Q: 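Here it is, the structure, as structure tokens.
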Amino acid sequence: MRMRVAVGSILTECNQFGGSPINIQSFERQELRKGVDMLEVDTGVVGGTLQTFKENQVEVVPLLYASSCPGGPITTECYLQLKDELIGRLKDAMPIDGVLLPLHGASVVEDLGDPEGDLIKSVRYVVGNQVPIVVTLDLHAHVTDEMIRFAQALIAWETYPHCDTFSTGTRGAKILLSIIAGEIQPTMAMAKVPVITSAVHGSTATDSPFSKVMNTAKKYESDNDVVSTSVFLVHPYIDQPDMGSGGLVITNNNMNKAINIANKLSEEYWSKRFELEPQVHTPQEAIQTGLKTSGGPILLVETADCCGGGASGDSIASLAALLEAEVTLPSLVPVVDPNVAEMCHKVGIGQEIRAEIGYQIDSRWGEPISIIGRVIYLSQGDFQYTGGIWDGSIGKMGPSAVIALGSIQVLVTTYATYDWANEQFRSVGLDTSAAKFIVVKNPMNYQFAYGDIAKSIFILDTPGPTPATCRYLKYERLQRPYFPADEYITNLSSTILTN
Ligand SMILES: [Zn+2]
């Protein structure tokens, strides 16, 4: 009889320091496919799993694919709706031979700290102990005891920026098929150390400290007993007990080896902690230094307001500094501000606009400023991603406008969107190559858009829920000691989780 596997995915990342709650509309704006509707997906992690199953003549039972731009915690109502959909379809599909769950691993629900663990456990209760569950995760996941205990195998992306979602789907599917066929008996161990840093030095495309640990991990995969290795830089903007970064190793029926290798990876990770902390600048310093540099673009990396890390995107810290410095060279700034976007659409192209802009969604981080400018572009805000987790799919900024404030052009959008390259600027006709200053609001992916052309890059220290350093974040559930609040920890040993 043909093998039958179920595939279900809830994929988003949350922020417990800021951002807007993620609700069902957030998923509807990006991806919300139920049942057979899901089978059309041919990119990203879900696309990779589906293609692999198809190639192996496996019957897929499509459950749910829900993916949204990161934000604050998922509302309880939304999570329960998605979970009920996924679990309900799974119950109807029983019996099945295996389950593949492409998840993120760092989402939270208003009243639930580990929804991925909860979901894996709930799937386990439906399928019983004999049916394997394989889960793919973002390498920024917060790996918990529940995730490890209730799954046979967890594997993570190998790249950051995340270019390998499709191939991770393929790897996950192949591991699931090997387990079902009895070719491997996975034994899994995670070792983590309390290193909580932003992702600024987390690239796998450069010679970063994170890429060194990743390279070590991947070398172990040539060992015949090793099924998979993963390295995690924990998403630092959730606030949960036992957060940490390190290595996860799956071996074929050899738990000691899994623990040993995972431990080595977490020890190497700890040794790299100081290198993972970025140097930061004030916007004023960065602008003054940038003005003394010939040409551009100069990148002002306002990573504290990263929509891809769950922030609202409504900070105007860099914009205010550019205005204060009376910059007269072309500069580009993105700001999420639904009120101002609506006002622009009301007054129309070519008209003057006077508005209060900034911090209108998440007022914890600053005060709005008054601007007088001219509306020079209006759009309904759709753009197409050219790579990454949503390659080819449509991103929705909602009603959007470009306001000219002298030489500074501000892209004002209704909704926060995840940055891949510079699709948002391009979609409204803004020329990034001609800009002196470009404000980017992500810690990493700006490298795709500007890596080759940027004259200088400044990582900024600005207020927001996704800061470049986590040294000053006020965690309540995460207990000390952790780096960077505690730079040296005596008698530190890695926390080991096993299945
Ligand atoms: Zn990630």
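Whatever order the structure lists ligands and atoms in, that order sets their numbers, starting from 1. Counting from 1, the numbers follow the sequence of the chain as shown. Remember, it's a predicted structure, so these values are computed and weren't measured experimentally.
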Q: Ignoring hydrogens and geometry, is there a side-chain-to-backbone donor-acceptor pair from Thr43 to Asp391 under 3.5 Å?
A: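 Between the backbone of Asp391 and the side chain of Thr43 there is a qualifying donor-acceptor contact (under 3.5 Å).
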Q: Short question: side chain of Asp164, backbone of Glu158 - any donor-acceptor pair under 3.5 Å?
A: yes
Q: Return yes when atom CD of Gln279 has more than 12 non-hydrogen atoms of other residues, nucleotides or ligands closer than 6.0 Å, and no otherwise.
A: no
Q: With sequence neighbours excluded, what pairs up with Lys264 under the salt bridge (charged side-chain N to carboxylate O under 4.0 Å, His left out) test?
A: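 Applying salt bridge (charged side-chain N to carboxylate O under 4.0 Å, His left out) to Lys264 gives none.
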Q: Is it true that Asp486 and Arg480 have a side-chain N and a carboxylate O under 4.0 angstrom from each other?
A: yes
Q: Is it true that Phe383 and Tyr385 have ring centroids separated by less than 6.0 Å?
A: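 Phe383 vs Tyr385: aromatic centres under 6.0 Å.
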Q: Determine how many protein N/O/S atoms sit closer than 2.8 Å to the Zn ion (ligand 1), leaving waters out since they are not shown.
A: 4
